Novice: 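Dropping a structure here in structure tokens format, bear with me for questions.
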Amino acid sequence: MASSSPFLSKIPISNRTICFASSLSPIPSKFPSKSLRHHRRNALKVQSKIREIFMPALSSTMTEGKIVSWIKSEGDVLSKGESVVVVESDKADMDVETFYDGILAAIVVPEGETAPVGAPIGLLAETEEEIAEAKAKAASQTGSTASPAIAPTPPRATSTPAPAISQPTPAPAAPAAEGPRKIVATPYAKKLAKQHKVDINKVVGTGPFGRITPADVEAAVVITPSKPVAPKPAPAAAASPSPAKAAATSSASPLPGSTVISFTTMQAAVSKNMVDSLSVPTFRVGYPVTTNALDALYEKVKPKGVTMTALLAKAAAMALVQHPVVNASCKDGKSFTYNSNINIAVAVAINGGLITPVLQDADKLDLYLLSQKWKELVEKARAKQLQPHEYNSGTFTLSNLGMFGVDRFDAILPPGQGAIMAVGASKPTVVADADGFFSVKSKMLVNVTADHRIVYGADLAAFLQTFAKIVENPESLTL
Amino acid sequence: MHSSFSLSLSQHITVPRSNHAFDSIPFAPSKPINLRFCGLRRETLGFSSLSRSHSRQGLQLHTTTTSKGISASLADNGSPPKSFDYDLIIIGAGVGGHGAALHAVEKGLKTAIIEGDVVGGTCVNRGCVPSKALLAVSGRMRELQSEHHMKALGLQVSAAGYDRQGVADHANNLASKIRNNLTNSLKALGVDILMGVGAVLGPQKVKYGKAGFPDKIVTAKDIIIATGSVPFVPKGIEVDGKTVITSDHALKLEFVPDWIVIVGSGYIGLEFSDVYTALGSEVTFVEALDQLMPGFDPEIGKLAQRVLINPRKIDYHAGVFASKITSAKDGKPVTIELIDAKTKEHKDTLEVDAALIATGRAPFTNGLGLENINVVTQRGFVPVDDRMRVIDADGNLVPHLYCIGDANGKMMLAHAASAQGISVVEQVTGRDHVLNHLSIPAACFTHPEISMVGLTEPQAREKGETEGFEVSVAKTSFKANTKALAENEGEGLAKLIYRPDTGEILGVHIFGLHAADLIHEASNAIALGTRIQDIKFAVHAHPTLSEVLDELFKSAKVEAHVSSQVSEPIAV
């Protein structure tokens with residue numbers, strides 16, 4: 001990690017942890033003298049520092065978090081590793097702990113309020129002298145970040161927030177005077193709008209008394225271009241999403257009688273990832289692997305709680321050790337990023353969604369620990385209790401549809417990884433050996449999809465050969 | 001509308017002896033409802049056992065209690081006998097009055113019950129009972145509409161729909177069925193049902209009558225006021241019974257609005273939100289306090305909010321009062337003015353199709369003639385002591401007058417009223433009795449249900465702080481329960497709040513499938529004073545939801561040891 005962050009959920013930093021914004025964003029303005037002193041982030045001798053505590057991203061789908069409670073109060077001395085605040089994400093409540101010693105100087109976002117991921121929620125001072133300074137800063141922040149409320153409360157007639165000392169008056173974001181019309185939207189319409197990121201103020205209400213109904217929002221969603229448009233074109237309210245283009249892209253309106261069910265958060269995340277995957281040039285290489293020996297081993301170790309998933313993950317991990325490029329990823333289109341760990345993500349279908357619990361350091365753990373770990377992960381996944389690092393830290397993905405009798409398939413490479421392995425069913429196959437003798441062997445087709453920017457055909461072929469050797473002589477898996 | 005009512009008490013049941021009673025005090029608690037004497041406060045047993053030590057405790061409870069009843073009434077007859085029409089008159093035939101009447105008959109009292117409206121009171125006619133019918137419908141609708149849930153079970157159901165009138169009829173039929181059952185049970189036992197509005201005329205004297213007819217006067221040795229409550233409607237709210245309604249109207253389900261505001265997010269509001277959203281309405285809660293579901297254990301409330309509010313077509317405004325609600329008329333929607341609960345500043349105006357006022361209930365005590373006996377109500381509630389004896393304006397007890405149920409406001413639950421009524425009957429038949437309200441369970445019949453008994457975690461911690469004991473919390477999830485998973489209903493949590501030093505159960509809160517039925521193991525344990533270290537050895541059938549509690553008790557870490565061996569081993 002280039003920069004560590006002061007606050008993280010109780011999670012070891014893994015290479016794919018989602019963006020906890022960098023720690024030492026030097027405090028801008030106001031206190032130029034001090035901020036100058038610590039503009040270099042590795043200047044460890046810096047006398048004083050005020051660190052911002054950010055709203056962490058606790059899941060890949062989290063965009064904002066609610067402060068459930070501050071475990072510590074202003075003025076409390078914190079030591080590294082202590083839980084400071086409880087944050088509620090779209091999935092669960094999590095304790096967030098500090099990575100630095102210091103004094104909790106100011107709470108910027110109080111309990112019960114919501115802040116977007118990455119927004120400062122508190123300030124951490126290193127010494128007592130800085131507390132006042134941090135407080136002043138906090139006051140200015142609360143003023144400026146009068147974040148646009150999500151609930152469509154009408155423009156307040158008199159804006160009287162708690163009078164903080166010399167607080168810069170919040171710039172009236174919404175037109176102060178009564179708008180031309182009052183937006184009335186039903187609860188579900190508001191939820192849908194938020195889910196689909198539709199500006200409810202732009203939706204035309206057709207319900208009773210001109211209110212916006214869920215159907216109105218759904219209609220608005222259909223016309224909005226579904227392409228994940230890159231950075232929105234400037235602020236100028238681009239005269240409503242050009243309807244001409246929209247008409248072209250969106251298919252004809254759904255057949256009468258069909259039902260539209262919006263994605264769950266998990267399904268939305270899958271959808272986004274899949275669309276993103278289109279930007280990566282991928283190719284596929286297949287390989288038949290004889291599994292008689294593996295099957296025999298499996299029968300032996302099964303009573304000890306070892307699963308086929310664990311066996312395959314272990315085999316893949318061992319092969320990856322020898323072919324680090326397949327475990328690499330291409331972040332920027334210009335370089336290889338060789339991952340220091342081999343974390344095997346395994347795709348699992350759960351409750352109408354798809355999640356990839358990660359077996360971390362699959363090459364280092366022994367088979368039994370790995371199986372144990374896998375069992376825990378699956379239980380957690382069912383209970384929706386997976387921690388972010390337990391599903392987004394994979395460096396290589398394994399997808400197995402063999403148990404359904406699928407003999408071969410083709411997997412989509414998840415963004416951020418170098419390769420994914422699709423495993424088919426193992427089936428008895430008649431084979432002729434070099435001497436022309438026929439025999440029946442169990443064969444399993446393995447198909448790997450990889451990012452051709454970093455992994456080439458020969459790399460994959462060599463990797464698959466190694467993988468096949470390991471599977472065909474699986475004793476090493478149990479070592 | 002809080003919960004089902006407990007009509008039958010364990011009179012004819014052989015109750016197993018509770019352990020500690022035998023190893024500590026030579027006096028077995030005679031009835032499960034005798035809460036305070038049943039171990040929660042063991043020290044008070046001493047005095048009560050002294051005063052009544054003549055009664056030998058047998059295993060067959062009703063023999064014992066009967067013999068006691070006789071001896072007690074003999075003692076009370078020391079004063080010159082006056083002649084009364086009845087031994088006991090109960091004003092109000094709701095669940096509280098009914099429970100008291102049944103118990104009184106069993107104790108051999110000549111009993112009459114006065115009812116000015118319909119037998120059954122709020123619970124049966126306009127509360128818990130019909131709402132359960134609606135919730136039964138909403139539970140099924142919810143299940144059938146959840147394609148996901150159905151698919152997981154391998155079921156295929158085509159679009160689920162409902163007939164509003166059919167649903168309304170189901171609720172109405174249930175209410176009349178239960179009302180008839182209640183009426184018949186009273187008649188069969190020989191309780192006189194006197195129809196008319198009752199009022200206290202003086203000590204031991206009551207009048208009753210219907211409008212337009214002359215009042216009749218009856219006398220009784222003891223009188224119980226059990227007049228219950230009516231929906232509370234705050235000022236500024238104009239109830240028209242069509243678009244601005246209370247639970248009384250909502251239960252008739254005369255229409256299902258597209259969008260309804262529910263003012264108040266307590267039990268009543270929550271249950272109706274469950275019904276309305278299942279039937280296709282969208283709901284907006286207006287809650288005066290800062291959080292939804294005040295009164296629930298905060299952790300349970302939060303989980304419940306995640307399951308019952310957030311994923312449904314519900315939004316809410318918290319920390320606001322509905323200062324003015326105008327019903328829909330002249331082609332205009334229902335409008336609701338919201339003001340900040342603290343600053344009283346105007347915050348918002350909602351325009352919706354209907355508003356349900358679920359801000360609680362107000363005691364129904366007007367015209368009861370309390371002035372005749374110098375009793376002044378407090379916000380309408382009849383002041384009583386912990387034995388439900390009515391207290392007059394000077395702070396003195398009014399002899400022979402008791403008040404139970406919603407009218408005294410101690411705990412506004414049907415079964416609490418009934419338990420209080422039974423407690424009063426125990427007292428008037430010569431056995432001192434104080435009801436332990438902390439052992440009375442409560443439930444909210446949403447899907448899934450919420451139930452609780454005893455203290456919430458913050459209450460327990462506060463008590464622990466002042467009284468100097470430690471408080472621990474244990475939790476189990478429904479996700480680990482086989483039966484819940486078989487039903488595909490793994491969402492839920494059970495929470496136990498206890499004293500690790502003694503193993504005393506301070507509170508249990510459950511959110512999950514059939515929580516309302518599961519709570520009784522905990523409430524009975526509290527009532528009987530059973531400690532965790534003992535109850536954790538009790539066996540639960542497998543696989544059942546009750547194993548959630550089994551696991552809960554087993555996960556508690558208690559320092560005290562098993563208090564006694566469970567009775568002698570019995571060979572089988």
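Order of the sequence lines sets the chain letters (A, B, ...), proteins ahead of strands, with each chain counted from 1. Since this is a predicted model, take the numbers as computed values, not measurements. The basis for the numbers below is simple: all heavy atoms, side chains too, and nothing from hydrogens, waters or symmetry mates.
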Novice: Around atom NZ of B/Lys483, are there more than 12 heavy atoms of other residues, nucleotides or ligands at under 6.0 Å?
Specialist: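 Result for NZ/B/Lys483: open.
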
Novice: Are the side chain of A/Lys191 and the backbone N or O of B/Arg312 linked by a donor-acceptor pair below 3.5 Å?
Specialist: yes

Novice: May I ask you to check whether over 12 heavy atoms, not counting those of B/Arg164, lie within 6.0 Å of atom CZ?
Specialist: yes

Novice: Could you tell me which portion of B/Gln291 (side chain, backbone, both or neither) has an atom closer than 4.5 angstrom to a non-hydrogen atom of chain A?
Specialist: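 B/Gln291 has no heavy atom closer than 4.5 Å to chain A.
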
Novice: So which of B/Asp258, B/Asp315, B/Thr343, B/Asn310 has the largest heavy-atom pair count under 4.5 angstrom toward chain A?
Specialist: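 Most heavy-atom pairs under 4.5 Å with chain A: B/Asp315.
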
Novice: Kindly give the heavy-atom pair with the smallest separation between A/Ala185 and B/Trp259, and that separation in Å.
Specialist: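 It is O-CH2, 3.2 Å.
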
Novice: Considering only heavy atoms and a distance below 4.5 Å, find which of A/Ala189, A/Pro208, A/Pro187 pairs most often with chain B.
Specialist: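 Max contact count across the listed options: A/Pro187.
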
Novice: Tell me whether the count of non-hydrogen atoms from other residues, nucleotides or ligands lying under 6.0 Å of NZ in B/Lys554 goes above 12.
Specialist: yes

Novice: So for atom CD, which belongs to B/Glu462, do other residues, nucleotides or ligands contribute more than 12 heavy atoms lying within a distance under 6.0 Å?
Specialist: no

Novice: Please determine whether the number of non-hydrogen atoms from other residues, nucleotides or ligands lying under 6.0 Å from atom CD of B/Glu147 exceeds 12.
Specialist: no

Novice: Which pair of heavy atoms, one from B/Gly331 and one from A/Phe209, lies closest together, and at what distance?
Specialist: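 Smallest heavy-atom distance, with atoms named: O-CE2, 3.3 Å.
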
Novice: Between B/Lys151 and chain A, which part of the residue has a heavy atom less than 4.5 Å away: side chain, backbone, both or neither?
Specialist: neither

Novice: Taking everything shown except B/Tyr316 itself, do over 12 heavy atoms lie less than 6.0 Å from its OH?
Specialist: no

Novice: What's the shortest heavy-atom distance between B/Glu282 and A/Pro214, and which atoms?
Specialist: OE2-CG, 3.1 Å

Novice: Apply side chain to side chain contact (heavy atoms under 4.5 Å, CB included) to B/Lys302 and A/Val68, showing your working.
Specialist: CA-CA 10 Å; B/Lys302 187 183 235 177; A/Val68 176; 2.7 Å; yes

Novice: Counting only heavy atoms closer than 4.5 Å, note whether B/Asp353 contacts chain A via side chain, backbone, both or neither.
Specialist: both

